[in-house]
A.B. asks: 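Pasting a structure below so you can have a look.
Every chain is numbered from 1, with letters handed out A, B, ... down the list of sequences. Only a predicted model underlies this, so the values are computations on that prediction, with no experimental measurement involved.
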Number of protein chains: 2
Amino acid sequence: MGTAAGVGPTASRTTARTAPRRTAPTLRQVAAAAGVSRATASRVINGGHLVSDHAKQAVEAAIAELGFTPNPVARNLATRRTGSVALVVPEPNARLLSDPFFGSVINGLSLSLEAADLQMILVIARPGPGHDRAVRYLTTGQVDGAVITSHHREDLLNARLVEAGLPCVFVGRPLDVEDSHCVDMDNVGGARLATEYLIEHGRRRIGTVAGPADMTAGVDRLLGWRQALEGAGLPTDAVVHGDFTAAGGAEATRRLLAEHPDLDAIFVASDLMASTALTEVAALGRRVPDDVAVFGFDDLGLATTTTPPLSTVIHPVEAMAVRAGQMLVEMLSGIEHAAEPVVFPARLALRDSA
Amino acid sequence: MGTAAGVGPTASRTTARTAPRRTAPTLRQVAAAAGVSRATASRVINGGHLVSDHAKQAVEAAIAELGFTPNPVARNLATRRTGSVALVVPEPNARLLSDPFFGSVINGLSLSLEAADLQMILVIARPGPGHDRAVRYLTTGQVDGAVITSHHREDLLNARLVEAGLPCVFVGRPLDVEDSHCVDMDNVGGARLATEYLIEHGRRRIGTVAGPADMTAGVDRLLGWRQALEGAGLPTDAVVHGDFTAAGGAEATRRLLAEHPDLDAIFVASDLMASTALTEVAALGRRVPDDVAVFGFDDLGLATTTTPPLSTVIHPVEAMAVRAGQMLVEMLSGIEHAAEPVVFPARLALRDSA
DNA sequence: TTGTACGCGTTATCAC
DNA sequence: GTGATAACGCGTACAA
């Protein structure tokens, strides 16, 4: 398109002529039917204060009779608010949606948004052309704010949204935006706790299948593992990075055990990877936890279905999402929020694998 | 609320005063800067036809300088279109999102919507208070249309949306709305194909773990199974209903095998249920496929990860979603569509379990 | 080709 | 309490 960026001719937005959708009644008609002015009718709709009972009755009757429903779009224009917020999920590969993480985020966020009578809509921001459209959609007043599940640093989505002035709250600390409102868990502490547990139970040669180096969850959990080992004077050389997927976890585990056959424990940065790590360990003829202990991270449902069930670090995603929603609601209502991360403490869920 | 249904005072929609969001430049300012009228400026933005090159240049320069972006909300009000469509997923229990089915629907739909420069937004319609808000959101002009993943009959969501005149396309035939635009697969044929395959390969005592009786996928797949057996003069008494979940599949399989210990094959109405059915069969000391053949349905990725890999019926969800998106786009552009189901043919994916 | 003027449906600010 | 009337920002007949 030859015009300035993002202004386009709305390309293929075809001329509308959908099914015979009879036009909805307007406020004007309600006012007329009730024998009052639009202003008065508007008042009874928005709270009903400062109106006589008489007028109120009349307007309500008219509303009921005509089946009037306020046009939200017009209201959006007038109020500059939409009553809806987006849950943004940057998603390179679609399968990420099947991660129980998102289910928990959705659940938690729904809770706090519903309490504030806000509509949650989910926006998937893929790289590519769809990315720009999503950004435009989010930054031009179609939503009041956004909760963003933070991910890789490469996509500039995060920065673009906050710079556009959109009220944003991140679930999980973003790597690329500094003073952001975010709610996270203590990933470092969780990893350290898990690793210390392994040490306390006699493990001396502890490796890790870490997460990606471009995600804070990846680097933080790796850091916690290292801290615990250094604190105990144990070596920290057995590190392989996975990509938080099942297949990636299997592959990383194979490499880790090939390079360090002497490991007696593995801290895996996510349960999904840990689940396949269990399989790989077993495939090598090593028993879990007798020969090799495996410690996971997340406890989002998967950990109890593996054999053996995974000892893991609890990732309180749903509670975090609830909190994120509350933060956003407060920001939307004008409460100034220090842009300081809210950090949920880490706890362990001990089962059979370690 | 005392007023008419759905008109409410928008309860807690708190007064806005978010971060210092400097007001965006308006079309009026662009026009002024370019020395033309708003109408001319508007023309160059919307296609640029019928404007002199001179004016066009000036307006584009002004747009670039001011960093103007059209306000979509105002545009929505004026055009009665939003340029966005909803993917509606009625979701009683949140874990449904982890079903690979949704990932495929999202992928496919994104494809065809992106081609039409439409923004896809995902709306989750839980039962309860959120349900009504979602319906209001969808039926009051905030989206141009909807693609709905059809599910249980109990929620009247489907009917409410089409009756409100919202252009709707269903992925999967809905049970409760008659002349709907929908794209489905040949569930009956697929189930019949699978069962016939079992028969042709010597199985004579074939049971089924069926889907819920209130979902078309459930009843259709059961019907196909029955048709094949009746065609071959075999008994159709070994039926147990599952709920399309892993746990439900396991439980149903246990019941089925308890009631009919003589089965030499099971047709399971979904791979998710089939995956746990495999486990249950194995737990009973029966070998798959030697003692009991297991045939699944879906082939959405899970089937290749089980042991043994599942023979299954291919559910071409992504292609179906692409088609659904295209149908909706056509409806939105005024092309009259016969409300006749588009049905994708069924094919088998043969692996080791049968 | 361009500009005028009105419409989209509400909210909000005033006087009364 | 109530009612004009001006925003809100943009599209678009219609006339020029």
Side-chain angles (χ1 to χ4, degrees), chain A residues 7-10 13-16 21 23-59 62-63 66-83 140-142, chain B residues 3 7-10 13-17 21 23-59 62-63 66 68-83 136 140-142:
Chain A
V7 176
T10 27
R13 202 192 262 197
T14 44
T15 50
R21 234 164 137 175
T23 56
T26 80
L27 184 62
R28 171 177 254 107
Q29 301 176 29
V30 171
V36 299
S37 71
R38 301 204 320 271
T40 303
S42 179
R43 283 192 198 98
V44 10
I45 288 172
N46 297 10
H49 303 300
L50 304 187
V51 282
S52 66
D53 277 0
H54 179 65
K56 193 168 177 174
Q57 308 285 337
V59 171
I63 288 176
L66 277 64
F68 169 78
T69 299
N71 180 331
V73 178
R75 185 179 270 180
N76 294 348
L77 181 59
T79 61
R80 296 162 160 286
R81 304 204 84 206
T82 67
T140 51
Q142 312 244 51
Chain B
T3 70
V7 176
T10 29
R13 200 193 263 197
T14 44
T15 51
R17 187 170 50 97
R21 237 165 137 175
T23 56
T26 79
L27 183 60
R28 168 178 256 111
Q29 302 176 28
V30 171
V36 300
S37 72
R38 298 205 332 266
T40 304
S42 178
R43 285 191 196 98
V44 9
I45 288 172
N46 297 12
H49 303 300
L50 304 186
V51 281
S52 66
D53 278 359
H54 178 66
K56 192 167 177 176
Q57 309 286 337
V59 171
I63 287 176
L66 277 65
F68 169 77
T69 299
N71 179 330
V73 178
R75 190 180 262 179
N76 294 349
L77 181 59
T79 62
R80 297 164 160 285
R81 303 204 86 206
T82 66
R136 210 180 328 163
T140 50
Q142 313 245 48

A.B. asks: List in numerical order all residues of residues 27-35 of chain A for which some heavy atom is under 4.0 Å away from an atom belonging to DNA chain C.
C.D. replies: A:Leu27

A.B. asks: Could you check which of D:dG3, C:dT10, D:dC10 has an atom nearest any side-chain atom of A:Phe68?
C.D. replies: C:dT10

A.B. asks: Base, sugar-phosphate alone, or nothing: which one does A:Val73 contact when heavy atoms must sit under 4.0 Å apart?
C.D. replies: nothing

A.B. asks: If I take atom CZ in residue B:Arg80 and atom C1' in nucleotide D:dC10, what distance separates them, rounded to the nearest angstrom?
C.D. replies: 14 Å

A.B. asks: Please test A:Thr26 against A:Asn71 for side-chain contact (heavy atoms from CB on, under 4.5 Å), starting from the C-alpha separation and ending with a verdict.
C.D. replies: CA-CA 8 Å; A:Thr26 80; A:Asn71 180 331; over 6 Å; no

A.B. asks: Which of these nucleotides, C:dT2, D:dG11, C:dG9, is closest to any side-chain atom of B:Arg75?
C.D. replies: D:dG11

A.B. asks: Can you check nucleotides 12-16 of chain C for protein contacts, nitrogen or oxygen pairs under 3.5 Å, and list what you find?
C.D. replies:
none

A.B. asks: Out of C:dT1, C:dT10, D:dC10, which nucleotide sits closest to the side chain of B:Leu50?
C.D. replies: C:dT1

A.B. asks: If only side-chain N and O atoms of A:Ser52 are considered, is one of them under 4.0 Å from the OP1 or OP2 phosphate oxygen of D:dG1?
C.D. replies: no

A.B. asks: Examine distances only and state if a side-chain atom of A:Thr79 and a backbone atom of A:Arg75 form a donor-acceptor pair shorter than 3.5 Å.
C.D. replies: yes

A.B. asks: Side chain of B:Ser37 only, please: which of C:dG3, D:dG9, D:dT2 is the nearest?
C.D. replies: C:dG3

A.B. asks: In whole Å, what is the span from the CG atom of B:Asn76 to the C1' atom of C:dG7?
C.D. replies: 16 Å

A.B. asks: Note the angle between the end axes of the helix from C:dT1-D:dA16 to C:dC16-D:dG1, five pairs defining each, rounded to 10 degrees.
C.D. replies: 40°

A.B. asks: Is the distance from OP1 or OP2 of C:dT2 to the nearest side-chain N or O of B:Thr40 less than 4.0 Å?
C.D. replies: no

A.B. asks: Kindly indicate whether the side chain of B:Asn76, heavy atoms from C-beta on, has any atom under 4.5 Å from the side chain of A:Gln142.
C.D. replies: yes

